[in-house]
Structure formats: structure tokens, C-alpha cells
Amino acid sequence: MLYTPDTIAAIATAPGRGGVGVIRISGKDIQSVISGLIARPLKPRFAHFAHFQALDGSTIDEGIALFFPNPASFTGEDVLELQGHGGPVVMNMLLKRCIELGARHAEPGEFTKRAFLNGKLDLAQAEAVADIIDAQSEAAAKSAIKSLDGAFSREVHTLVDALINLRMLVEATLDFPEEDIDFLEAADARGKLHTISAQLARVMDTATQGKLLREGMHVVLIGQPNVGKSSLMNALAGEDVAIVTDIAGTTRDTVRELIQLDGIPLHIIDTAGLRDTNDTVEKIGIERTWAAVEKADLALLLLDSREGITEHDQQILAKLPDSLAVLRVFNKIDLTGDQAGEIADDEIHVSAKQGIGLQELKHKLLKKIGWQGMNDGVFIARERHLAAIRVAREHLNTADACYLQIEILAEELRLAQQSLNEITGEFTSDDLLGVIFSRFCIGK
Ligand SMILES: Nc1nc2c(c(=O)[nH]1)N(C=O)[C@@H](CNc1ccc(C(=O)N[C@@H](CCC(=O)O)C(=O)O)cc1)CN2
Ligand SMILES: Nc1nc2c(ncn2[C@@H]2O[C@H](COP(=O)(O)OP(=O)(O)OP(=O)(O)O)[C@@H](O)[C@H]2O)c(=O)[nH]1
Ligand SMILES: [K+]
């Protein structure tokens, strides 16, 4: 059954001036919009040149009209598209006319939400639509297209199908008491469970890469005053975003910059140098440094190559959370003559000022955050998906541990399947749908 409570309209093209602007209308009252606006029937899926008419019969604009009868449309409902001249005033006049003819303003993501509710897209695909639009790099856009095309959803369905097969075996043992654990052994239920777990681990791996592409990482630059944090920030950003002087304590507040490395968005945060100080402003800056450290995925501890790791640096290291990955960056090698590049696993030599060793640093940074490099298999993913996979893995682990207790085994397998189904949205609360689609742009 089609989900068509009413008719929605929005400007689908970006706000502002453009060569052509598109208005999209979807829902049950498309015919009255067509007759009011165009005054003649439209052949389905055919480009018509038309005059778009105001209430008094005057022309608002001339353009192209496209009519997609349900169910063969983006939303699965009747859809009308108007391609007019892309000026904001004309577009708003056209939109107002559609509202006059019975449509209402669409909410953010409402077209895609309807496509989901009408079964045109599953939830992972609908999320991919937003991710294509929001992509900040070609790599992110490519993997979002892959998810829209169903690459992620197919992986999930393969896993769910295998789980359903296994559950049928297990539930047969529950339903027929004469079938027991020997029956499960004969059917290699445990082998099947392990195969599913291994496959799920691979999907987790790919989804983790997809989440990195979409959300990136927070990298914080820390260290004593004057070691070159701001210089490194500027070198990584490729422009002067942070102030560099030879005065210790120059950076007072955190400075943030978004850069792309190999398609991965990295949120780089330059911080106030860490030292004991009586300066009120600097003190607040140092508090902010520690707050940034709390939220970071990776810390680059900047060090002066001439000094090495000092006692003060040891104190900084000791204060870092255990869970935080740390890369020690020995800067200013132009003053020591040290060789650029990797020293040890978590140590590297650079000169921020001379731009030496930066390629090696970027490479190491990506490795440290777990980026394995772009390949054809990477589909876009988000934390919501990873959380669902994690829960499914926990249930499979419990299922394995409780293999001999068939009732628990059956229940854990059921819960694992339920969690995977949340990715594609087989069972999803209205609240979650609200959260997901409200983050879309209007007209999508
Ligand atoms: N003009 C226009 N361009 C657009 C969109 C749109 O809505 N309108 N899209 C919006 O995101 C994207 C394309 N996505 C679309 C997805 C499905 C259908 C569609 O009509 N599907 C029908 C028919 C399929 C077919 O003929 O093969 C269907 O699924 O039944 C249209 C656009 C990008 N470009
Ligand atoms: N020779 C040399 N000087 C550098 C290098 N990197 C930074 N410097 C100099 O060191 C001084 C301090 O650099 P900043 O980047 O401001 O250092 P910071 O760590 O941000 O300093 P605070 O703001 O005090 O925390 C400046 O004079 C820089 O030009 C380097 O690789 N080689
Ligand atoms: K400085």
C-alpha cells in the first residue's frame, strides 16, 4: 500500500541563482497541480515544454514539466517536476503556486523518507542519498554511491539469510524434542555460526572504513610552548590558519581546521602549549587543550628534536587518557640534521617550517587511524550501523558460548538478526526515522 497522506513540494535545487531551478512535488494531488499550473494533461515520463500559470492565467515562468505516475518515481508516489529559470524569486513564485494548488512545504528529507516508506530504498540506501550530497571528497562520494546501489544492504541481507537458515535448524530442535544437540551437530550448526561470525567481522571491517570516509577523525596537536604546533597545523592545512611567532604561549585558544587526507576528513585542532603559567588567559587556553584531548581520536605530541622527550613531555604523556592513540612528532630537524621520516612505530622526524617529512607524517597518520586506503569494496557507513553490527556480534558470541543451551542459542540468534535488520530499517521506530531524515536538506 502506498504511503501518501498528502502532497509535498519543495525547491530541489540549491538556494540562490542558477541556470535552471527544479521544483519537485510528490503525493496524491499531483493532477490538480498539473491542471492548475499547466492546464493540459502530461504524458508520463515525457519532457513537456510548458507555460506555468498563475491563478489569473498569467505566466509565472516557462519551462519543462515532467510527470512520473506512481509507482515508477523516486518516491513511489505521483511526482511532478518543474524545471524553471533558476532565480530565487521565480522559484519561490512557482513554489507558492504549488502550495496554492493544494501542496504543502516538504520537510527536510521528506521525499527520501517517502521513498523509504514506499519500499523504493531501504534505510541504509536512504542514508546514502544524504551522504552523496554531503560528501567532501571523491572517495566519500564513490562509496556513498556504492551504498545507494545496495552494496552494504546486500551484505546485510546475505548475513540475515544465513542467520535465518541457522535459526530454522535451531528452532526445529526446540519444536521437536526428539531432535537434540546431535541433530545440530549433524547439520554443522556450530560451523555455520562461525562462518556467519567471520563474515560479520569482515562487514564490520569494511563499515569501519566507510565510517572513516564519512566522519573522519579528530586529531589534536599538543606539546610544550614553541615546539611548532601551529607551524605544523599550517603546513598540514596548506594555509596560515594559526598564528606562528617565536614567542612561547602564542596560541591561547584552540584553532580548528578541516583537511582532507586521501579523501578522509580530518578535524585538526591546534592547542595552547602546555606549561605552568599564571596568565589567566593562557590558563583557560590550557584547560581547553585538555578538553580537546578528551574528544580526540589521535594526539600528535610535538617535540623539539634538539631537546628530545623532556621530563615535562613525560608529564604530558602521563596525563593523556590510556585509550588515546599518540604519535610522537620530533620537529625542527632542520636545526639538528636528523634524517626525516619514521624513527620507530609511533615516532617520526619532521620540520614543519621547512616542510620536510610531511608526506611520511600524513601516511603515518592515516595508518594510525586505521585507514587501509580506498578500494572498490568500501561502502559508506555511519556510527548507527557500526553500533548495530557490534550488538549483533555480541549476540553471536553469546550464542557460541551457550551453544549447548538451545533455548538461549535460539534467542541470541534472533537478537543478532534483529540488530542487523535495524541497518536496513526492517524494524525502525518513528523516532529514529525522524532523527535520520531531519538531517537531510530540504527538497531531498
Ligand atoms: N530530475 C531528477 N533528477 C534526479 C533525481 C530526481 O528525483 N529528479 N534524483 C533524486 O534523488 C536522483 C536520481 N534518482 C532517481 C531514482 C529513481 C527515479 C525513478 O523514477 N524511479 C522509478 C523508475 C525507474 C526506472 O525507470 O528504471 C522507479 O523506481 O520505479 C528517479 C530518480 C538524481 N537525479
Ligand atoms: N627551525 C625551525 N623552526 C620552527 C619549526 N617549526 C616551528 N618553528 C619555529 O618555532 C617557533 C614557534 O612555532 P609555533 O608553531 O608558533 O609553535 P607552537 O608550538 O604553536 O607555540 P605556542 O603557541 O607557544 O604553543 C616559531 O618561531 C616557528 O617559526 C621547524 O621545523 N624548524
Ligand atoms: K609560539
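Every number for a ligand or one of its atoms is a count from 1 in the order of the listing. All figures in this text were calculated on a predicted structure; none of them were measured in a lab.
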Is it the case that Glu127 and His385 place a side-chain donor and acceptor less than 3.5 Å from each other? yes

Asp334, portion touching ligand 2 at heavy-atom distance under 4.0 Å: side chain

Should we say atom CD of Glu426 is surrounded by more than 12 heavy atoms from elsewhere, each under 6.0 Å from it? yes

Has Ser73 got a side-chain atom pairing as donor or acceptor with Pro69's backbone, closer than 3.5 angstrom? no

Return yes if a side-chain donor-acceptor contact under 3.5 Å exists between Thr245 and Thr250, otherwise no. yes

Considering both backbone and side-chain atoms of Thr251, is one of its nitrogen or oxygen atoms within less than 3.5 Å of a nitrogen or oxygen in ligand 2? yes

Side chain or backbone, does Ala272 bring an N or O within less than 3.5 Å of an N or O on ligand 2? no

Could you tell me the residue and atom name of the protein heavy atom closest to atom 5 (C) of ligand 1, and the distance to it rounded to 0.1 Å? Arg24 NH1, 4.5 Å

Residue, atom name and distance, where the atom is the protein heavy atom closest to atom 26 (O) of ligand 1: Arg45 NH2, 2.9 Å

His267 backbone acceptor or donor facing Arg256 side chain under 3.5 Å: no

Side chain of Asn331, backbone of Ala352: donor and acceptor closer than 3.5 Å? yes

List the closest protein heavy-atom neighbour of atom 20 (O) of ligand 1: residue, atom name, distance to the nearest 0.1 Å. Ser73 CA, 3.5 Å

Going by the atom numbers of ligand 1, which of them fall below 4.0 Å from some non-hydrogen atom of Pro71? 30 (O)

Check: Val227 N/O within less than 3.5 Å of ligand 2 N/O: yes

Which of the atoms in ligand 2, numbered in the order shown and given with their element, are less than 4.0 Å from a heavy-atom of Gly273? 25 (O)

May I ask you to check whether Leu335 has an N/O atom sitting below 3.5 Å from an N/O atom of ligand 2? no

How are the rings of Phe330 and His349 set to each other: parallel, tilted or perpendicular (split at 30° and 60°)? perpendicular

Working to the nearest 0.5 Å, report the span between CZ of Phe74 and NZ of Lys120. 10.5 Å

Side-chain donor-acceptor pair under 3.5 Å between Thr277 and Asp279, yes or no? no

Under 3.5 Å, N or O to N or O, is Ala352 touching ligand 2 that way? yes

Show which atoms of ligand 2 fall inside a sub-4.0 Å distance from at least one heavy-atom site of Pro225. 24 (O), 25 (O)

For atom 16 (C) of ligand 1, what's the nearest protein heavy atom and its distance? Phe74 CD1, 3.7 Å

Hey, which atoms in ligand 2 end up nearer than 4.0 Å to a heavy atom of Ala248? 24 (O)

Under 3.5 Å between some N or O of ligand 2 and some N or O of Gly228? yes

Quick check: do Met374 and Lys142 have side-chain heavy atoms less than 4.5 Å from each other? yes

If only atom types and distance count, is the side chain of Asp253 paired as donor or acceptor with the main-chain N or O of Gly285 below 3.5 Å? no

Near Gly249, which atoms of ligand 2 are under 4.0 Å from a heavy atom of that residue? 22 (P), 24 (O)

Considering the heavy atoms of Ser351, write down every atom of ligand 2 situated less than 4.0 Å from one of them. 30 (C), 31 (O), 32 (N)

Distance under 4.0 Å to a non-hydrogen atom of Ala72: what atoms of ligand 1 satisfy this? 20 (O), 22 (C), 28 (C), 30 (O)

Would one find an N or O of Gln354, backbone or side chain, under 3.5 Å from an N or O of ligand 2? no

Compute both the distance and the angle, then confirm whether Lys444 meets the cation-pi test with Phe440: under 6.0 Å from the six-membered ring centre, within 45 degrees of the axis. no

With no hydrogens and no angle check, just 3.5 Å: does a side-chain donor-acceptor pair link Thr310 and Asp313? yes

Is atom 12 (C) of ligand 1 close to the protein, meaning a heavy atom under 4.0 Å from it? no

Exercise check, heavy-atom protein proximity under 4.0 Å to atom 8 (N) of ligand 1: yes

Please confirm whether the backbone N or O of Gly76 pairs with a side-chain atom of Asn70, one donor and one acceptor, at under 3.5 Å? no

Could Arg97 and Phe52 be counted as a cation-pi pair, given that NZ or CZ must be under 6.0 Å from the ring centre and within 45° of the axis? no

Between His363 (side chain only) and Gln359 (backbone N and O only), is there a donor and an acceptor less than 3.5 Å apart? no

Pairs of nitrogen or oxygen atoms closer than 3.5 Å, one from Lys444 and one from ligand 1: do any exist? yes

Under 4.0 angstrom from atom 34 (N) of ligand 1, is there any protein heavy atom? no

Are a donor atom and an acceptor atom from the side chains of Gln417 and Arg414 found within less than 3.5 Å of each other? no

With a heavy-atom distance limit of 4.0 Å, tell me whether Ser231 approaches ligand 2 through its side chain, its backbone, both, or neither. both

Below 4.0 angstrom from a heavy atom of Thr245, which ligand 2 atoms are there? Numbered from 1 as shown, please. 11 (C), 12 (C), 13 (O), 16 (O), 26 (C), 27 (O)

Starting from atom 28 (C) of ligand 1, what is the nearest protein heavy atom, named by residue and atom, and what distance separates them? Lys120 NZ, 3.2 Å

Who's the nearest protein heavy-atom neighbour of atom 1 (N) of ligand 1, and how far? Glu81 OE1, 2.7 Å

With heavy-atom distances below 4.0 Å as the criterion, list the atoms of ligand 2 near Thr250. 22 (P), 23 (O), 24 (O)

Return yes when at least one protein heavy atom is under 4.0 Å from atom 22 (C) of ligand 1, and no when none is. yes

